Chemist: 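Quick one: the structure is below, and I'll ask about it shortly.
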2 protein chains.
Amino acid sequence: MGTPPAVPDEVTADRGPGRTRAAVDAWEAVFRLQATLLRRFAADDVWQGLGLREYDVLHTLSLQPGGHARLGRLSEDVYLPQPSLSRLVDRLERDGLVRREDDPDDRRGVVVVLTAAGAQRQREIGGRHAASIARNLASMPAEDLATLTRLAREALGD
Amino acid sequence: MGTPPAVPDEVTADRGPGRTRAAVDAWEAVFRLQATLLRRFAADDVWQGLGLREYDVLHTLSLQPGGHARLGRLSEDVYLPQPSLSRLVDRLERDGLVRREDDPDDRRGVVVVLTAAGAQRQREIGGRHAASIARNLASMPAEDLATLTRLAREALGD
DNA sequence: CGCAAGTCCATGCGTTTGCATGTACCTGCC
DNA sequence: GGCAGGTACATGCAAACGCATGGACTTGCG
């Protein structure tokens with residue numbers, strides 16, 4: 001990057017129209033990346049009949065201590081409106097992957113618990129999914145991968 | 001091709017478990033960033049009654065020369081299955097933002113054309129949306145923004 | 001030409017989504 | 001205690017989704 005800039009600070013300055021352009025470019029690039037990868041992952045044959053959202057719930061539960069979480073909290077973690085999650089949990093419960101329990105501390109509350117079958121299913125899918133992620137990002141140098149991770153996190157205000 | 005590698009490349013040829021972990025971290029960070037921003041954008045009061053996907057179609061059309069594109073091509077550009085887009089276009093057409101025309105070169109084909117009202121609407125929404133994007137990424141230094149853009153593009157194999 | 005195979009878009013149909021709302025419960029104030 | 005207001009989850013309902021399929025047209029090959 002030794003070439004002198006044809007146009008001074010306008011481009012790298014924090015304000016001005018170029019700044020908005022840069023932000024829009026970043027958003028579009030991130031959006032496109034996410035959409036493309038999501039599509040490829042969805043096409044993977046590793047989901048054993050459940051959708052990405054269903055898996056995300058199992059995955060999130062598997063990260064909770066005890067494998068259980070309040071429905072409302074889960075709703076925030078998986079970025080799904082509460083009524084949608086409520087019905088999604090209906091389906092998971094019907095399939096025996098998850099179980100609803102009363103919250104002893106708050107009788108309005110419902111605790112969603114991962115069953116043994118659910119935990120098992122999550123591990124199976126998770127392993128294959130992780131492999132697919134690595135495969136789909138194989139073209140990136142490890143250092144770029146780390147930088148991408150850092151910047152994506154920082155973009156959310158740290 | 002230049003000099004052969006005198007030393008096995010530990011850094012860029014990393015194939016260990018850490019590599020998968022790094023890829024998964026990157027995916028999760030990107031996914032989270034996209035989901036969070038998307039949520040904020042959706043909450044913006046700039047959409048004038050139409051959804052993000054509808055806007056994406058208008059936006060994509062506005063980038064095409066002549067403001068028109070074949071339905072199938074559009075379907076790929078906006079990452080929406082063809083039947084879903086077909087019905088989405090039904091709605092846009094009903095609202096007068098878009099118009100269907102026969103493709104003179106292929107009578108199976110349908111060309112989706114942005115109407116004047118559609119182009120107008122796209123510009124209004126687009127301006128406010130761009131401002132919102134800039135606002136939501138305001139915490140990022142311009143250089144990081146550029147790096148994020150570059151890496152997100154490179155991640156797709158480039 | 002004539003027909004088989006392929007492409008493009010629309011539509012039937014069952015599922016999922018999300019908003020608005022309902023019911024049960026908790027909390028704070030009197 | 002008792003009531004007002006708030007919170008947590010479920011459900012009615014209309015809209016949107018996507019898969020599978022259908023009808024129209026094009027292409028390639030004998």
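Treat the numbers as computed from the prediction; the structure is a model and nothing was measured. Numbers restart at 1 for each chain; the letters A, B, ... are given by sequence-line order, proteins then strands.
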Chemist: Mapping A:R73 and B:P81 onto DNA chain D by nearest heavy atom, which one lands closer to the 5' end?
Modeler: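 It is A:R73, whose closest nucleotide lies nearer the 5' terminus.
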Chemist: What is the distance, to the nearest angstrom, from the CG atom on B:L50 to the C1' atom on D:dA15?
Modeler: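 Checked: the CG to C1' distance equals 15 Å.
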Chemist: So, does B:R53 get its side chain near the phosphate of D:dC17, meaning an N or O under 4.0 Å from OP1 or OP2?
Modeler: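 So the side-chain polar atoms of B:R53 do come within 4.0 Å of the phosphate oxygens OP1 or OP2 of D:dC17, strictly under.
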Chemist: Could you tell me how the ring of B:W27 sits relative to the ring of B:F31: parallel (under 30°), tilted (30 to 60°) or perpendicular (over 60°)?
Modeler: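 B:W27 vs B:F31 ring planes: tilted.
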Chemist: Quickly work out the A:L88 CG to D:dT11 P distance and round it to whole Å.
Modeler: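 Rounded to whole Å, this separation is 15 Å.
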Chemist: Tell me which nucleotide among C:dG18, D:dA20, C:dT17 gets nearest to the side chain of A:R91.
Modeler: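 Among C:dG18, D:dA20, C:dT17, the one nearest the side chain of A:R91 is C:dT17.
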Chemist: Check if the side chain of B:R39 and the base of C:dG18 share a donor-acceptor pair of N or O atoms closer than 3.5 Å.
Modeler: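 For B:R39, whose side chain was compared with the base of C:dG18, there is no donor-acceptor pair (under 3.5 Å).
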Chemist: Within this structure, what is the CG-to-P distance between A:L92 and D:dC9, rounded to whole angstrom?
Modeler: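 The answer, rounded to whole Å, is 16 Å.
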Chemist: Are A:S86 and D:dC9 close enough that a side-chain N or O sits under 4.0 Å from OP1 or OP2?
Modeler: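 Looking at the OP1 and OP2 atoms of D:dC9, neither is under 4.0 Å from any side-chain N or O of A:S86.
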Chemist: Within the 4.0 Å heavy-atom criterion, would you say B:R87 contacts the bases, only the backbone, or no part of the nucleic acid?
Modeler: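 Since a base atom lies under 4.0 Å of B:R87, the category is base.
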Chemist: Could you go step by step and tell me if B:L97 and B:L114 meet the side-chain contact (heavy atoms from CB on, under 4.5 Å) rule?
Modeler: CA-CA 6 Å; B:L97 303 175; B:L114 203 56; 5.8 Å; no
Chemist: Given atom CG of B:L85 and atom P of D:dG18, what is their separation to the nearest angstrom?
Modeler: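 These atoms are roughly 11 Å apart.
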Chemist: So, applying side chain to side chain contact (heavy atoms under 4.5 Å, CB included) with B:V57, which one of B:L74, B:V112, B:L52 is it?
Modeler: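 Only match with B:V57 under side chain to side chain contact (heavy atoms under 4.5 Å, CB included): B:L74.
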Chemist: Without decimals, in angstroms, what is the distance between A:D56 CG and C:dT16 C1'?
Modeler: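 It is 16 Å, rounded to the nearest whole Å.
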Chemist: Any side-chain to backbone donor/acceptor pair from B:T115 onto B:G96? Under 3.5 Å, distance only.
Modeler: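 It does hold such a pair.
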Chemist: Please list, chain by chain and in numerical order, all residues satisfying salt bridge (charged side-chain N to carboxylate O under 4.0 Å, His left out) with B:D77, sequence neighbours excluded.
Modeler: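 Per chain and number, B:D77 pairs via salt bridge (charged side-chain N to carboxylate O under 4.0 Å, His left out) with B:R73.
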Chemist: From the list C:dC9, D:dC17, D:dC9, which nucleotide is the closest neighbour of the side chain of B:Q82?
Modeler: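 Per side-chain heavy atoms of B:Q82, the pick is C:dC9.
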Chemist: Give me the one residue out of B:T147, B:V30, B:T149 that meets side chain to side chain contact (heavy atoms under 4.5 Å, CB included) with A:L151.
Modeler: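 Exactly one option meets the side chain to side chain contact (heavy atoms under 4.5 Å, CB included) with A:L151, and it is B:T147.
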Chemist: Starting from P on C:dT16, measure out to OH on A:Y55 and report it in whole angstrom.
Modeler: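 Going from OH in A:Y55 over to P in C:dT16 covers 20 Å.
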Chemist: Between atom CG of A:L61 and atom CD of A:Q122, what is the distance when rounded to the nearest 0.5 Å?
Modeler: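 Separation between the atoms: 9.5 Å.
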Chemist: May I ask you to verify if any side-chain N or O of A:S84 is less than 4.0 angstrom from the OP1 or OP2 atom of C:dG18?
Modeler: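 For A:S84, the contact criterion (side-chain N or O under 4.0 Å from OP1 or OP2 of C:dG18) is met.
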Chemist: Taking the side chain of A:L71 as its heavy atoms from C-beta onward, which of D:dA10, C:dT11, C:dT17 lies nearest to it?
Modeler: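 The nucleotide sitting nearest to the side chain is D:dA10.
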Chemist: Taking DNA chain D as the partner, which of residues 95-114 of chain B come within under 4.0 angstrom of it by heavy atom?
Modeler: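 Residues of residues 95-114 of chain B that come under 4.0 Å of DNA chain D are, in numerical order, B:D106, B:R107, B:R108.
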Chemist: Assess whether atom CZ of A:R107 is packed by more than 12 heavy atoms of other residues, nucleotides or ligands within 6.0 Å.
Modeler: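 No, not enclosed.
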Chemist: Whole-Å distance between C:dT17 P and B:L52 CG?
Modeler: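 About 17 Å, once rounded to whole Å.
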Chemist: Classify B:P83 by what it touches in the nucleic acid, base, sugar-phosphate, or nothing, heavy-atom distance under 4.0 Å.
Modeler: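 Base, at least one base atom sits under 4.0 Å.
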Chemist: How close or far is atom C1' of C:dC25 from atom CZ of A:R70, stated in whole angstroms?
Modeler: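 From A:R70 CZ to C:dC25 C1': 11 Å.
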